[in-house]
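Each chain gets a letter, A, B and so on, in the order the sequences are listed, and its residues count up from 1. These numbers come from the heavy atoms of this one structure, side chains and all, not from hydrogens, waters or symmetry mates.
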Amino acid sequence: MEKEDRPPFETREGRSAEFKSRLEKLASMAADGIDAYPNDFKPLHSAADINAEYGMAAVQELEAKGVSVSIAGRIMAIRDFGKASFIQLQDNGARLQAYVKKDIAPGAYDVFKRCDMGDIVGVTGRLFRTKTNELTVEVQTFRLLAKGLHPLPEKWHGLTDVEARYRQRYLDLMVNPEVRDVFLKRCAIVKYIRDFLSSRGYIEVETPMLQPIPGGAAAKPFKTFHNALGCELYMRIAPELYLKRLIVSGFNRVFEINRNFRNEGISTQHNPEFTMLEFYEAYATYEDLIALTEEMISGLVRHIHGSTKINYQGTELEFASPWQRISVKDAILKYSNASEDIFGDRDKAFAFAKGLGLSIPDGLSHGKALIEIFEKVSEPRFIQPTFITHFPLDVSPLSRKNAVDQSVVDRFELLVMGKEIANAFSELNDPVDQRERFEAQMKERGAGDAEAHQMDEEFVRALEHGMPPTAGEGIGIDRLVMLLTNSASIRDVILFPALKR
RNA sequence: GAGCCGCUAGCUCAGUCGGUAGAGCAUCUGCCUUUUAAGCAGGUGGCCCCGGGUUCGAGUCCCGGGCGGCUCACCA
């Protein structure tokens with residue numbers, strides 16, 4: 001909409017009575033020469049520090065010391081007594097009460113009377129304890145630092161409308177402390193992982209998000225266009241092929257924590273952009289990564305929860321290692337009445353899959369059919385952390401073949417609550433084999449599999465320069481955070497999840 | 001993409017059988033100088049998501065659409 005089409009700011013439709021009343025207070029203060037948005041107030045203390053230092057201090061101790069503080073924060077509650085008021089200030093997630101009395105600081109009181117819930121203010125004064133023993137600042141000076149024009153969500157119920165919480169996440173974070181906690185935990189989780197890998201000699205890198213050929217996973221990409229280059233580019237679906245180029249380059253251990261983009265469905269488990277950790281270690285195998293994964297994640301769970309046991313949506317999960325291991329084949333045999341010959345005979349696999357009610361296109365590869373069967377009969381059964389190993393060759397075009405059974409690869413997926421948390425394999429570093437795998441993928445692409453991997457000549461060329469034997473792994477950070485914060489939806493661990501409009 | 005559910009005041013929610021649209025909090029006015037969802041009295045505030053239809057009359061019934069949630073499908 002053009003500016004001219006809009007009614008003036010003050011009278012714009014949809015503005016609440018509160019909004020207008022606050023604008024009037026702004027005007028009244030402007031008339032008195034009070035700046036509603038000054039930037040020269042420097043708080044010397046934080047609410048958290050004051051609580052930590054004096055939260056336990058006795059009344060006599062406070063009075064003897066005469067502790068003066070200056071803090072800033074958002075007014076979250078006002079209890080007004082006419083000529084004195086208690087206000088709750090929220091500062092960086094911590095709260096501290098302040099007491100504003102007319103006779104102590106008449107000027108301050110005059111400004112305060114034109115402040116509202118949600119305004120950000122700065123106060124100075126001495127600490128004391130109220131009758132009910134609450135640590136409180138007796139306000140000597142009071143300044144408005146930023147006027148809020150909208151009322152806060154209701155103080156008791158908070159903001160519960162899910163859509164409003166996602167669209168106006170700042171309000172959600174402001175008034176729902178448990179939401180703030182989720183994102184603080186997310187930060188701690190990512191930091192732990194960074195520190196863990198860094199301490200093992202991994203270097204953190206950033207590789208392209210805009211890629212000419214989207215590779216490293218099977219997924220539908222977002223397409224975009226670069227004007228100056230005059231070419232189509234894709235938002236990455238995985239960083240894998242670039243990280244392996246770095247292993248070729250001589251960085252023996254690299255990792256990246258960053259966004260991937262997949263143009264697919266949205267659900268409680270899927271957001272179009274999501275955060276992935278990928279790490280690659282030269283001279284390691286997928287077996288080494290099993291050990292590393294157990295150590296990293298069980299350590300992480302202990303770090304975040306103080307124990308390796310967590311409760312996720314009513315289910316007890318035990319992360320103390322070692323975790324269960326089972327091959328795709330054994331998992332199918334264990335949880336279905338499949339006969340062993342479905343693994344050697346494509347037609348039998350298809351017949352069995354159809355018997356399960358799976359609709360699989362005729363062109364599908366044998367291995368893909370087996371994975372469909374696995375996902376249907378076995379995957380949901382793995383609640384406790386479990387490594388699923390030895391995936392079919394043709395669903396793993398970037399993995400190294402198993403030395404004993406050439407129909408499977410040296411790969412594992414980590415399942416928790418029946419959901420994939422990690423995916424790792426010994427990397428394919430034979431450029432001839434890699435080219436053949438890509439060619440096989442292109443054939444499947446031609447047969448109608450839009451997610452089959454594309455040929456990436458530049459990547460093969462890098463392998464042709466020699467990549468050391470390497471193992472690599474990807475861990476979905478959002479899903480890991482969901483587990484560790486007991487979140488049912490991925491949107492609860494993403495600050496601004498994808499929404500329409 | 002399909003099925004189910006939701007959308008009413010700034011927020012949280014009622015709204016019966018189709019008959020003048022409600023409460024609590026917030027806000028405004030008055031009283032109140034130790035409150036803890038402070039209290040008391042009084043007031044303001046509505047595109048009932050949007051568009052059609054049925055009806056004397058629609059927040060309510062019917063049809064279509066929008067946005068969101070959950071489940072399923074796809075995917076990590």
Side-chain angles (χ1 to χ4, degrees), chain A residues 13-22 24-25 59 76-88 95 97-104 109 116-118 128-136 138-139 148-168 171-172 174-176 216-221 237-238 260-278 358-359 371-372 375-376 379 413-416 418-423 450-451 474-480 482 488-492 497-501:
Chain A
E13 270 183 78
R15 296 301 191 188
S16 62
E18 286 90 335
F19 190 90
K20 286 167 186 155
S21 142
R22 287 169 184 230
E24 281 162 19
K25 288 175 182 169
V59 179
M76 300 304 286
I78 299 175
R79 288 182 281 272
D80 181 11
F81 288 84
K83 294 183 188 68
S85 295
F86 289 97
I87 61 178
Q88 289 284 336
R95 285 198 183 195
Q97 180 168 268
Y99 187 45
V100 197
K101 282 205 289 191
K102 192 172 186 177
D103 54 3
I104 296 279
Y109 203 73
D116 294 290
M117 297 237 288
F128 75 106
R129 281 191 183 282
T130 63
K131 271 186 199 164
T132 51
N133 211 36
E134 179 157 351
L135 188 65
T136 302
E138 185 171 66
V139 172
L149 296 175
H150 291 286
L152 288 178
E154 207 244 6
K155 63 186 170 188
W156 189 242
H157 300 93
L159 187 69
T160 62
D161 180 76
V162 180
E163 184 172 357
R165 287 183 43 228
Y166 295 153
R167 290 192 194 278
Q168 292 182 275
L171 285 179
D172 192 24
M174 202 184 286
V175 302
N176 295 326
K220 295 185 198 83
I237 55 176
N260 288 346
F261 306 87
R262 298 190 184 174
N263 205 342
E264 289 161 355
I266 294 181
S267 75
T268 51
Q269 310 291 318
H270 302 86
N271 196 62
E273 52 180 309
F274 62 101
T275 302
M276 186 80 135
L277 160 69
E278 282 202 14
L358 291 166
S359 63
I371 284 301
E372 295 276 343
E375 285 174 357
K376 169 92 177 180
E379 197 169 59
E413 279 190 7
L414 170 63
L415 299 186
V416 182
K419 301 282 180 347
E420 182 187 337
I421 299 298
N423 178 22
E451 293 185 4
I475 296 181
I477 295 296
D478 311 275
R479 289 188 177 176
L480 191 58
M482 284 170 69
S489 170
I490 198 169
R491 290 178 212 106
D492 294 328
L499 293 175
K500 247 187 175 178
R501 191 177 53 171

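Atom CZ in A:R165 sits roughly 15 Å away from atom P in B:rG68 (whole-Å rounding). The distance from atom NZ of A:K155 to atom C1' of B:rU35 is 11 Å, rounded to the nearest whole Å. In this structure, A:M76 places its CE atom 12 Å from P of B:rA38, rounding to the nearest Å. Note: CG (A:L159) to C1' (B:rA9) measures 16 Å, nearest angstrom. Residue A:Y166 contributes atom OH, which lies 17 Å from atom P of B:rC67 at whole-angstrom precision. With rounding to whole Å, A:Q269 atom CD is found 14 Å from B:rA73 atom C1'. Put simply, CH2 on A:W156 is 5 Å from C1' on B:rA37, counting in whole angstrom units. Atom CG of A:N133 is separated from atom C1' of B:rU35 by 14 Å (rounded to the nearest Å).
Using a 4.0 Å heavy-atom criterion, one finds that A:G158 contacts the sugar-phosphate atoms exclusively. Counting any heavy atom pair closer than 4.0 Å across all strands shown, A:S85 reaches no nucleic acid atom. Heavy atoms of A:L499 sit under 4.0 angstrom from primed sugar atoms or phosphate atoms, though from no base atom. Here A:E451 lies in heavy-atom contact (under 4.0 Å) with sugar-phosphate atoms only. Looking at heavy-atom distances under 4.0 Å, A:R491 makes contact with sugar-phosphate atoms alone, never a base. Backbone-only contact: A:A218 has heavy atoms under 4.0 Å from sugar-phosphate atoms and none from a base. At a threshold of 4.0 angstrom between heavy atoms, the contacts of A:G476 with the nucleic acid are absent. As judged by a 4.0 angstrom heavy-atom cut-off over every strand, A:N263 is placed among residues making no nucleic acid contact.
For the residue pair A:D492 / A:Y166, a side-chain donor-acceptor distance below 3.5 Å is found, with atom types taken as modelled.
Every residue meeting the side chain to side chain contact (heavy atoms under 4.5 Å, CB included) condition with A:N263, not counting sequence neighbours, appears here in chain and number order: A:K220, A:F222. In this structure A:F261 satisfies the ring-ring contact (aromatic ring centres under 6.0 Å, His included) test with no other residue, sequence neighbours excluded. Take A:S21 and apply the side chain to side chain contact (heavy atoms under 4.5 Å, CB included) test, not counting sequence neighbours, and it matches A:K25.
No side-chain heavy atom of A:V162 sits under 4.5 Å from any side-chain heavy atom of A:R491. A:I475 is not listed as a side-chain neighbour of A:M276, based on a closest heavy-atom distance of 4.5 Å or more. Residues A:I421 and A:L480 are in side-chain contact: their nearest non-hydrogen atoms beyond the backbone lie under 4.5 Å apart. Counting heavy atoms from C-beta outward, A:E451 and A:E264 have side chains that approach closer than 4.5 Å. For the pair A:V416/A:R479, no side-chain contact is recorded, criterion being any heavy-atom separation below 4.5 Å from C-beta on. In this structure, the side chains of A:K155 and A:Q88 stay at 4.5 Å or more apart for every pair of heavy atoms. A:L415 places a side-chain heavy atom less than 4.5 Å from the side chain of A:E420. Side chains of A:D478 and A:T275 form a contact here, defined as non-hydrogen atoms less than 4.5 Å apart.
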Atom pairs, N/O to N/O, protein against nucleotides 32-34 of chain B, distance under 3.5 Å?
unit_1	atom_1	unit_2	atom_2	d
B:rC32	N4	A:G82	N	3.3
B:rU33	OP2	A:F81	O	3.2
B:rU33	N3	A:D103	OD2	3.2
B:rU33	O4	A:D103	OD2	2.9
B:rU34	O2'	A:K131	NZ	3.2
B:rU34	O2	A:K131	N	2.7

Quick one: which protein N/O atoms are closer than 3.5 Å to N/O atoms of nucleotides 40-46 of chain B? Pair and distance per line, please.
none

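Toward the 5' end of RNA chain B, the nearer of the two residues A:E273 and A:Q168, judged by each one's closest nucleotide, is A:Q168. Of the two residues near RNA chain B, A:N271 and A:S21, the one whose nearest nucleotide lies more 5' is A:S21.
Rounded to whole Å, the C1' atom of B:rA58 lies 13 Å from the corresponding atom of B:rG52. Here, B:rG6 and B:rU60 have their P atoms 13 Å apart, quoted to the whole Å. Comparing B:rU12 with B:rU29, their C1' atoms are spaced 25 Å from each other, to the whole Å. Spacing between B:rU8 and B:rG46 at atom P, rounded to whole Å, works out to 15 Å. Spacing of P atoms, B:rC62 relative to B:rU44, comes out at 35 Å, to the nearest Å. B:rC28 and B:rG18: their P atoms are spaced 41 Å apart (whole Å). A gap of 30 Å separates the C1' atoms of B:rC56 and B:rA9, to the nearest Å.
At least one side-chain nitrogen or oxygen of A:R167 sits closer than 4.0 Å to the OP1 or OP2 atom of B:rG68. A:K500 has no side-chain polar atom (N or O) that falls below the 4.0 Å cut-off from OP1 or OP2 of B:rG68. In this model, the phosphate group of B:rU71 is not approached by any side-chain N or O of A:S267 to a distance below 4.0 Å at OP1 or OP2. In this model, the phosphate group of B:rU35 is not approached by any side-chain N or O of A:R79 to a distance below 4.0 Å at OP1 or OP2. Listed pair A:T160 / B:rC13 meets the phosphate criterion, a side-chain N or O lying under 4.0 Å from OP1 or OP2.
Classification of the A:Y99-A:F86 ring pair by plane angle, with boundaries at 30° and 60°, yields parallel.
At distances below 3.5 Å, not a single donor-acceptor pair connects side-chain atoms of A:D116 with backbone N or O atoms of A:G148.
B:rA76 has A:F274 stacked on its base ring, the centres lying under 5.5 angstrom apart and the planes within 30 degrees of parallel.
Consecutive pairing runs in RNA chain B reach the stem threshold at B:1-7 with B:66-72, B:10-13 with B:22-25, B:27-31 with B:39-43, B:49-53 with B:61-65, where a stem means at least three Watson-Crick or G-U wobble pairs with distances under 3.5 Å.
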